[in-house]
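Below is one structure, written out as structure tokens; comments come after it.
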Protein chains: 2
Amino acid sequence: MRANCMADVSDEKLDRGARCIKTLAHPLRLKVLAVLAGREMSVGEILDAIGTTQSNVSQHLSQLRDKGVLASRREGNQVFYRVRDPKLFDLLALVRELFCDRPVDGWAA
Amino acid sequence: MRANCMADVSDEKLDRGARCIKTLAHPLRLKVLAVLAGREMSVGEILDAIGTTQSNVSQHLSQLRDKGVLASRREGNQVFYRVRDPKLFDLLALVRELFCDRPVDGWAA
DNA sequence: ACAATATATAAGAATATTCTTATATTAATG
DNA sequence: CATTAATATAAGAATATTCTTATATATTGT
């Protein structure tokens with residue numbers, strides 16, 4: 001049954017699926033997820049860790065939150081982001097396993 | 001250790017990872033994968049199942065093959081494509097699990 | 001209320017992806 | 001070898017994404 005789990009998927013669902021996957025398909029967003037692995041961080045901390053403009057980080061964070069990948073929480077002046085579901089890292093590990101020659105090395109050719 | 005599996009990933013590797021994920025991030029390419037679940041198919045058969053131009057399908061198939069998602073085999077006049085690693089469907093199932101409210105329903109809001 | 005800090009949003013320029021159209025390649029057949 | 005069928009490739013137009021710059025909003029402290 002596994003092999004057939006994708007049969008008869010409607011075009012609309014394929015669109016939504018593609019949009020979801022697209023959410024993960026950007027180096028800065030992957031870096032955000034890497035940095036957020038395990039812990040919660042404020043936008044400022046993420047900004048320091050990532051290295052781009054404040055506006056750019058903010059936009060990527062919004063995108064990740066809008067798609068349900070991240071959750072956020074305001075505390076006074078700051079906003080903290082976290083990965084909503086740790087299964088996400090299983091997914092990313094699977095991506096590596098599938099696309100990498102030598103998984104230990106990280107993302108591959 | 002799981003939560004930290006993405007720490008210290010180089011920018012270059014993030015780029016490659018994003019490109020890999022991007023390969024899956026298109027409705028027509030997802031549809032190709034759905035259609036190819038389990039079986040091997042010729043370009044012509046895929047074309048019939050997908051519904052777009054011959055050129056367009058061919059380009060998406062190339063992209064999927066170049067990234068290692070699909071493998072191809074020529075037999076006389078025709079070229080047959082297949083999913084290289086069935087783990088791909090585990091990955092897609094995880095995407096659904098993560099992004100869908102009701103997984104049974106398919107890709108979700 | 002005002003200034004300072006942290007974050008978000010808007011608008012458009014820069015860039016990348018996708019699609020369309022036309023043409024090329026490859027293999028089979030008469 | 002000319003023709004047909006199947007698939008691939010090239011070039012550019014159409015479209016979508018990302019980044020930059022400027023500005024807005026929210027919260028805290030004075």
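What you see below is based on every heavy atom in this structure, not just the backbone, and it leaves out hydrogens, waters and symmetry mates. Per chain, numbering begins at 1; letters A, B, ... match sequence-line order.
For B:Q78, whose side chain is taken as the heavy atoms from C-beta onward, the closest listed nucleotide among D:dA6, D:dA8, C:dA6 is D:dA6. Here the nucleotide nearest the side chain of B:S62, chosen from C:dT26, D:dT17, D:dT9, is D:dT9.
In this model, the phosphate group of D:dA6 is not approached by any side-chain N or O of B:R74 to a distance below 4.0 Å at OP1 or OP2. Not one side-chain nitrogen or oxygen of B:Y81 sits closer than 4.0 Å to the OP1 or OP2 atom of D:dA6.
As rounded to whole Å, 13 Å separates atom C1' of D:dA16 from atom NE2 of A:H26. Atom CG of B:L70 and atom P of D:dA8 are 11 Å apart (whole Å). Between the CD1 atom of A:I46 and the P atom of C:dA6 there is a distance of 14 Å, given to the nearest Å. Following rounding to the nearest Å, B:K22 (NZ) and D:dT17 (P) show an atom-to-atom distance of 11 Å. In this structure, A:D15 atom CG and D:dA16 atom P are separated by 11 Å, rounded to whole Å. The distance between atom CG of A:N77 and atom P of C:dA6, rounded to the nearest whole Å, is 6 Å. For the pair B:E75 CD and D:dT7 P, the interatomic distance rounds to 11 Å; values are reported in whole Å. Atom pair B:Q63:CD and C:dT17:C1' shows a separation of 8 Å (rounding to whole Å applied).
Taking both residues in full, the closest heavy atoms of B:R19 and B:K67 are given as O-CE, 4.1 Å, listed atom of the first, atom of the second, then distance. Closest of all the heavy-atom pairs between A:A18 and B:L30 is N-CD1, 3.5 Å. Minimum heavy-atom separation, B:L70 to B:V83: CD2-CA, 3.7 Å. Of all heavy-atom pairs spanning A:K31 and A:I50, the tightest one is CG-CD1, 3.5 Å. The minimum heavy-atom distance linking A:S42 with A:F80 is given by the pair N-CD2, 3.4 Å.
Residue A:E45 is out of contact with every strand shown, counting any heavy-atom pair closer than 4.0 Å. Within the 4.0 angstrom heavy-atom criterion, no nucleotide atom of any strand lies near B:F80. If you check every strand for non-hydrogen atoms under 4.0 Å, B:R19 touches nothing.
At least one donor-acceptor pair closer than 3.5 Å links the side chain of A:Q59 to the backbone N or O of A:S55.
Shown for residues 52-60 of chain A: residues whose heavy atoms fall under 4.0 angstrom of DNA chain C, namely A:Q54, A:S55, A:S58, A:Q59.
Using a 4.5 Å heavy-atom threshold, the side chains of B:Y81 and B:V32 count as separate.
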